[in-house]
Amino acid sequence: MNIQERDKKYVAGTYNRFPVEIVSGSGSIVYDTSGKRYIDMGSGIGVTAFGVADPIWQQAVTRQIGLVQHMSNLYYTEPCVSLAEMLCNRTGMSKVFFSNSGAEANECAIKVARKYQAEHRGPECSTIVTLKNSFHGRTLTTLAATGQEHYHELFNPLTPGFLSVEPDYIPDIPDPSRVAAILIECIQGEGGVIPLSRDTVRRIADYAAANDILLMVDEVQTGNGRTGALYAYMNYGISPDVVSTAKGLAGGLPLGATLLSEKVSGTLGFGDHGSTFGGNPVSCAAALSVLSRIDDSLLASVREKGQYLMQTFENAPGVESVSGMGLMIGIKCSRNAGDIVRAALSKGVLCLTAKDRVRLLPALNIPMDVLKEAAGILKECMV
Ligand SMILES: *Cc1c(COP(=O)(O)O)cnc(C)c1O
């Protein structure tokens, strides 16, 4: 049997894969079994922040693998502590809880909100308000948080205590005394690369502050340099109480982080939460390497490359509109997005869809000439 037949036979059928097996790569270029070259404009859904098999990343990971690969949270390990310190120093947050994925980072945020408000405003103050069209993960609780009905069907009952609303409805929430937290993505990723406006985010932040509601930002996709700021909320001039992140944080190893502001930093105590793999030294060593490379000059180049993509596609034939920020770009075309992605694949460019848009999430360090080559091929596929 070939790999497609074996996958069909043995792997749960949750993914509609393209008929391509990627075997190796370097940076933003990957190769399949036949040696065909692809430019990777999806970076594993925004995960391989510095591309595939990056030498600096590899060195950080292999060094830690040669020391100790896992030690359980019963003992101290240096990469975990150094990464928490780096995250706090670079965001102004006070504490970090580590997990293994975006969904888990959001689960932790939700537990923090419920416990914090149970202690401060009473146990009935437990509702988490999220936005319509949001995406927060696949666990039963983060599905409940996800404001898209089609993900819920067949999995009910989901965790109760969630309400999803249109962003502009937030000031009209009927009973703010029961709302523990508002959870938002500054740019909805899976929802179609839809940035919230500065005004909307400001209004939500002001409303939360005025009503003693926690403001929590899901930076799983938008975080770690993706939008040209270290975290997307920094583009909006707000100070969230809780920030969750994952995807690009460790550049290709599983790691989730929930960042807690000073206000909520004392909420989790012994036994309140935990994760066997959370804070794994190899993932944390990878993330230390990734984060230390996301400096001002890298962020400036992410913004510049994002501008280039915006301008290139805004006036391209077959394009209706372009949305996004930094290297998180959504392109609405007159042609079907899935057809464009399949055409691009055959011409050697890997990219994604988000709802009815073509979505681009290239590595943060994609070279300009490679980016231009990919943009040229994509433009051909859009007409
Ligand atoms: C991908 C994503 C998640 C879920 O992350 P997993 O690592 O797949 O659990 C949650 N929130 C947002 C905004 C995401 O883009």
Side-chain angles (χ1 to χ4, degrees), residues 12 14-15 42-49 97-113 128-148 151-152 155 158-159 162 164 167 181-196 201 204 215-227 229 231-233 235-236 240 242-259 275 277-280 283 286-287 290 323-330 351-355 357 359-362:
T14 53
Y15 305 109
S43 60
I45 319 190
V47 167
T48 48
F97 179 85
F98 290 115
S99 53
N100 315 283
S101 67
E104 285 174 278
N106 286 332
E107 290 267 350
C108 175
I110 292 159
K111 282 180 77 170
V112 166
I128 311 290
V129 170
T130 66
L131 300 185
K132 294 270 187 224
N133 197 47
S134 58
F135 183 83
H136 298 296
R138 304 286 200 155
T139 63
L140 287 169
T141 295
T142 55
L143 273 183
T146 292
Q148 301 189 57
Y151 285 108
H152 298 178
F155 300 108
L158 303 176
T159 308
F162 288 83
S164 68
I182 302 173
L183 172 63
I184 63 169
E185 296 159 273
C186 290
I187 306 170
Q188 294 185 330
E190 301 306 310
V193 194
I194 317 278
L196 297 182
V201 171
I204 293 171
L215 177 64
M216 313 205 292
V217 181
D218 179 340
E219 296 262 7
V220 173
Q221 190 161 155
T222 53
N224 314 303
R226 178 55 51 196
T227 68
Y231 290 98
Y233 76 81
N235 294 315
Y236 287 83
V242 179
V243 173
S244 57
T245 191
K247 287 200 168 89
L249 178 59
L253 286 174
L255 183 63
T258 309
L259 281 52
S275 165
F277 283 114
N280 170 276
S283 293
V290 166
S323 60
M325 215 180 266
L327 286 174
M328 179 172 180
I329 301 280
C351 58
L352 309 161
T353 59
K355 290 277 180 73
R357 285 161 193 256
R359 176 172 41 154
L360 307 180
L361 300 171

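This structure is a prediction, so every number in the text was calculated from the model and none was measured. Along the sequence shown, the residues carry numbers beginning at 1. Order of listing sets the numbers, starting from 1, for every ligand and every atom in it.
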> Taking the minimum heavy-atom distance to atom 14 (C) of ligand 1, which of Lys247, Glu107, Glu185 ranks first?
Replying inline: Lys247

> Got an N/O contact under 3.5 Å between Val220 and ligand 1?
Replying inline: no

> Any idea which protein heavy atom is nearest atom 5 (O) of ligand 1, and the distance to it?
Replying inline: Gly102 CA, 3.3 Å

> Side chain or backbone of Asn106 under 4.0 Å from ligand 1, or both, or neither, by non-hydrogen atoms?
Replying inline: side chain

>> Side chain, backbone, both or neither: which applies to Ala246 and ligand 1 if a contact is any heavy-atom pair less than 4.0 Å apart?
In response: neither

> Which heavy atom in Ser323 sits nearest to a heavy atom in Arg357, and how many Å separate them?
Replying inline: OG-NH1, 2.9 Å

> Can you find a protein heavy atom closer to atom 8 (O) of ligand 1 than 4.0 Å?
Replying inline: no

>> Closer than 4.0 Å to some heavy atom of Ser101 - which atoms of ligand 1 meet that?
In response: 7 (O), 9 (O)

>> Closer than 4.0 Å to some heavy atom of Gln221 - which atoms of ligand 1 meet that?
In response: 15 (O)

>> Check this for me - ligand 1, Ala103, N or O atoms closer than 3.5 angstrom, yes or no?
In response: yes

>> At under 4.0 Å between heavy atoms, is it the side chain or the backbone of His136 that contacts ligand 1, or both, or neither?
In response: backbone

> Going by atom types alone, do Lys355 and Gln148 pair a side-chain donor with an acceptor below 3.5 Å?
Replying inline: yes

>> Out of all atoms in ligand 1, which are within 4.0 Å of some heavy atom of Asp218? Include the element for each.
In response: 10 (C), 11 (N), 12 (C), 13 (C)

